[in-house]
Asks: 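There's a structure below that I have some questions on.
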2 protein chains.
Amino acid sequence: MITITNGKQLRQGKTLQTIQSEVAETNRLALSVDCVIFGFDENKLKVLLIRSDLKKYEGRYSLLGDLVYPAEDLDAAAYRILKQRTGLNDLYLEQVQTFGAVDRHPAGRVVTVAYCSLVNVQHHKLKILENELHWHDVKSAVDFAFDHKEILDACYERLQKRIQEHPLGFNLLPKKFSLRELQNLYEAILDVKMDRRNFRKKFFSMDFLTDTNEMEQDVPHRPGKLYKFNYEKYEKKKKKWFGIDF
Amino acid sequence: MITITNGKQLRQGKTLQTIQSEVAETNRLALSVDCVIFGFDENKLKVLLIRSDLKKYEGRYSLLGDLVYPAEDLDAAAYRILKQRTGLNDLYLEQVQTFGAVDRHPAGRVVTVAYCSLVNVQHHKLKILENELHWHDVKSAVDFAFDHKEILDACYERLQKRIQEHPLGFNLLPKKFSLRELQNLYEAILDVKMDRRNFRKKFFSMDFLTDTNEMEQDVPHRPGKLYKFNYEKYEKKKKKWFGIDF
DNA sequence: ATTTAATGTGTAAAATACACACATTCTTAA
DNA sequence: TTAAGAATGTGTGTATTTTACACATTAAAT
């Protein structure tokens, strides 16, 4: 998505006028990157959206995006947007799909490369947010600008697939988490109910959870153990699981 | 890839000069589509490449690509290239990844959307080919122009994954094929050996192979039965197998 | 102290994946 | 014509993975 809504707020974002000038001349096109930033909060999968205050798109929501700079790689543009909007570095990021329908953007031909990224909402909340940024339920979000619903759907489907093949979920959780939180995450993303015992068995058998010897605090029931994800163990084992190339 | 090599041969391809003019001005970029066209022949996975006759890239091979027209959708551009280069319509086509490194193209900023497509080589051979188009072994192909080796690798890995989830392989075979041919295809793409009995069992249990009541002809051994892929049966069943969305 | 609500654990059945051998059919060469 | 060679075609038992399922334990709240 192009940050057409708040040129004043962003130091680096381009305004609608800039985009129009980029694409106005014959045969010109603009290239943008849109980030689908997923979070997990209140046992629901969330996505970070910005509300357009431009009259034309009043009340509609957009993904976070920007034009790609002339001398900037695609991934670099995506990381720049993430840093700019969440204040966080080193987030999980994956290119998903490029959307280039001729009429997808009213300002002219704007081709956008969609990225899926994962953040720990609690971590993010500590940062000072721009006013118009909010977390929305992925399943119930409506009123998108442009083709951003389609982009969100593509990234959500990719996430559903990926999380069944790789342990991505940890990017959405605090460093220390209970198995219940982990299961809630999987159930929310995949929209299924899982058997608690089998879920625990599966994750323990994968053997990349480390017991922190700490317990949950301030929960209104018996506290569960807290675990953390052990990247070293995972790195050693993933080749075996995922065969060919991962 | 941009068809910089043979502007005279192509009715629709753009010449190097065209590309340079597209990207020469400040902040301009060009958008292209590159098709990784896979085939299967002599029990090996092949890819259709064009040899550059431009001095700068002498002896190097490129994927088939072209600039996207100003009023052309990305998929449409990919289909156009396939039609142009193979003479065939309705090929399997899937967008894989977009490559946009700043320096990936010597003519300036050219962002390319990579597509993976599958053709029946026998079918394709019936068409009159352009001189400089040839099928190459995927595993042993070297000397690529630009970042086309990287693009090929990305599409090959995607194909390896996809073929384990969906019955794509039929796009690479004649309408009627023996189980041995089908197994050879899987073994070639996945680079593994499979047990013949278990392979047969698995495909028969999927129940979308229809017996044609015909046998192989002109093989130097006992002929095998010929089957065809039953799309109707597949469509009815795939939801059950692939769960959420496929 | 009692109730409540979630954590933590094991086992049996079912489904799936894997390993494996021999008879059959057709071609080819003696 | 016959024998040898080479690939097709088929079934079963074993190992592994997935699924279903119930009860005792712990801490918080009343």
Side-chain angles (χ1 to χ4, degrees), chain A residues 42-43 160-161 163-167 173-174 176-188 190-228 237-238 240-244, chain B residues 42-43 160-161 163-167 173-174 176-188 190-228 237-238 240-244:
Chain A
E42 298 166 324
N43 285 343
Q160 287 184 317
K161 245 187 113 167
I163 204 176
Q164 296 186 67
E165 302 172 330
H166 301 270
L173 291 175
K176 299 173 182 179
F177 50 86
S178 69
L179 271 180
R180 163 56 56 189
E181 291 175 290
L182 188 61
Q183 183 172 345
N184 286 343
L185 173 67
Y186 274 77
E187 292 184 339
L190 298 176
D191 201 22
V192 292
K193 285 288 169 198
M194 296 174 175
D195 180 89
R196 199 159 48 88
R197 283 161 292 188
N198 292 335
F199 183 85
R200 299 169 76 87
K201 215 184 311 175
K202 172 174 256 173
F203 269 87
F204 286 139
S205 77
M206 291 180 191
D207 194 34
F208 49 56
L209 291 184
T210 300
D211 191 336
T212 64
N213 295 316
E214 294 175 59
M215 308 292 277
E216 287 180 297
Q217 303 291 330
D218 304 318
V219 287
H221 53 76
R222 173 180 174 182
K225 286 187 179 181
L226 291 177
Y227 297 88
K228 58 183 179 185
K237 299 190 174 206
K238 66 178 181 182
K240 195 168 60 185
W241 298 329
F242 300 125
I244 299 162
Chain B
E42 299 167 322
N43 285 343
Q160 287 185 316
K161 246 187 113 168
I163 204 176
Q164 295 186 67
E165 301 172 330
H166 300 271
L173 292 175
K176 298 172 183 180
F177 50 86
S178 68
L179 271 179
R180 163 55 56 188
E181 289 175 291
L182 188 60
Q183 183 172 345
N184 286 343
L185 173 67
Y186 274 77
E187 291 184 338
L190 298 176
D191 202 21
V192 293
K193 285 289 170 198
M194 296 174 175
D195 181 89
R196 198 161 48 89
R197 284 159 292 187
N198 292 334
F199 183 85
R200 299 169 76 87
K201 217 183 311 177
K202 172 174 256 173
F203 270 87
F204 286 138
S205 76
M206 292 180 190
D207 195 33
F208 48 57
L209 291 184
T210 300
D211 191 336
T212 64
N213 296 315
E214 295 175 58
M215 308 292 278
E216 287 180 298
Q217 303 291 330
D218 302 318
V219 287
H221 54 74
R222 175 181 174 182
K225 286 186 179 183
L226 292 176
Y227 298 89
K228 58 183 180 184
K237 300 191 174 202
K238 66 179 180 182
K240 195 169 58 185
W241 298 329
F242 300 127
I244 298 161

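Here is the naming used below: chain letters follow the sequence lines, and residue numbers restart at 1 for every chain. It should be emphasised that the depicted structure is a prediction, and the values quoted were computed from it without experimental measurement. Excluded from the calculations below are hydrogen atoms, water molecules and symmetry mates; all remaining heavy atoms, backbone and side chain alike, are included.
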Asks: In this structure, how many angstroms lie between the C1' atom of D:dA28 and the CG atom of A:D218, rounded?
Replies: 12 Å

Asks: Less than 3.5 Å between a donor and an acceptor, one on the side chain of A:K201 and one on the base of C:dT11, is that the case here?
Replies: yes

Asks: Could you tell me the separation between the NZ atom of B:K193 and the CD atom of B:Q183, rounded to the nearest 0.5 Å?
Replies: 8.0 Å

Asks: So, does the side chain of B:R197 form a donor-acceptor pair with the base of D:dG11 at under 3.5 Å?
Replies: no

Asks: Can you give me the closest heavy-atom contact between B:L209 and B:L179, atom names plus distance?
Replies: CD1-CD2, 3.8 Å

Asks: Suppose we call a contact any N or O donor and acceptor under 3.5 Å apart; does that hold for the side chain of B:R200 and the base of D:dT10?
Replies: no

Asks: Return the value, rounded to whole Å, for the distance between atom NZ of B:K225 and atom P of C:dT24.
Replies: 16 Å

Asks: Can you check the A:D195 CG to C:dA12 P distance for me, whole Å?
Replies: 17 Å

Asks: So which nucleotide from D:dT8, C:dC18, C:dT7 ends up closest to the side chain of B:R196?
Replies: D:dT8

Asks: Please check: side-chain N/O of B:Q164 versus main-chain N/O of B:K161, any donor-acceptor pairing under 3.5 Å?
Replies: no

Asks: Does some side-chain heavy atom of B:E181 sit less than 4.5 Å from a side-chain heavy atom of B:L185?
Replies: no

Asks: Pick the closest DNA chain C nucleotide for A:P220 and for A:L179 by heavy atoms, then say which residue is nearer the 5' end.
Replies: A:P220

Asks: Please report, rounded to the nearest Å, how far the P atom of D:dA27 is from the CZ atom of A:R222.
Replies: 7 Å

Asks: Assess whether one donor atom and one acceptor atom, taken from the side chain of B:R180 and the base of D:dT8, lie less than 3.5 Å apart.
Replies: no

Asks: Give the minimum heavy-atom separation between A:M194 and A:E187, together with the two atoms involved.
Replies: N-OE2, 2.8 Å

Asks: Both A:P223 and B:H221 contact DNA chain D. Which one's nearest nucleotide lies toward the 5' end?
Replies: B:H221

Asks: Report the distance from atom CZ of B:F199 to atom C1' of C:dC18, rounded to the nearest whole Å.
Replies: 16 Å

Asks: Using whole Å, report how far CE of A:M194 lies from C1' of D:dA20.
Replies: 15 Å

Asks: CZ of B:F203 versus P of D:dT10: gap in Å, rounded?
Replies: 16 Å

Asks: Could you check how far OH of B:Y227 sits from P of D:dT8, rounded to whole Å?
Replies: 11 Å

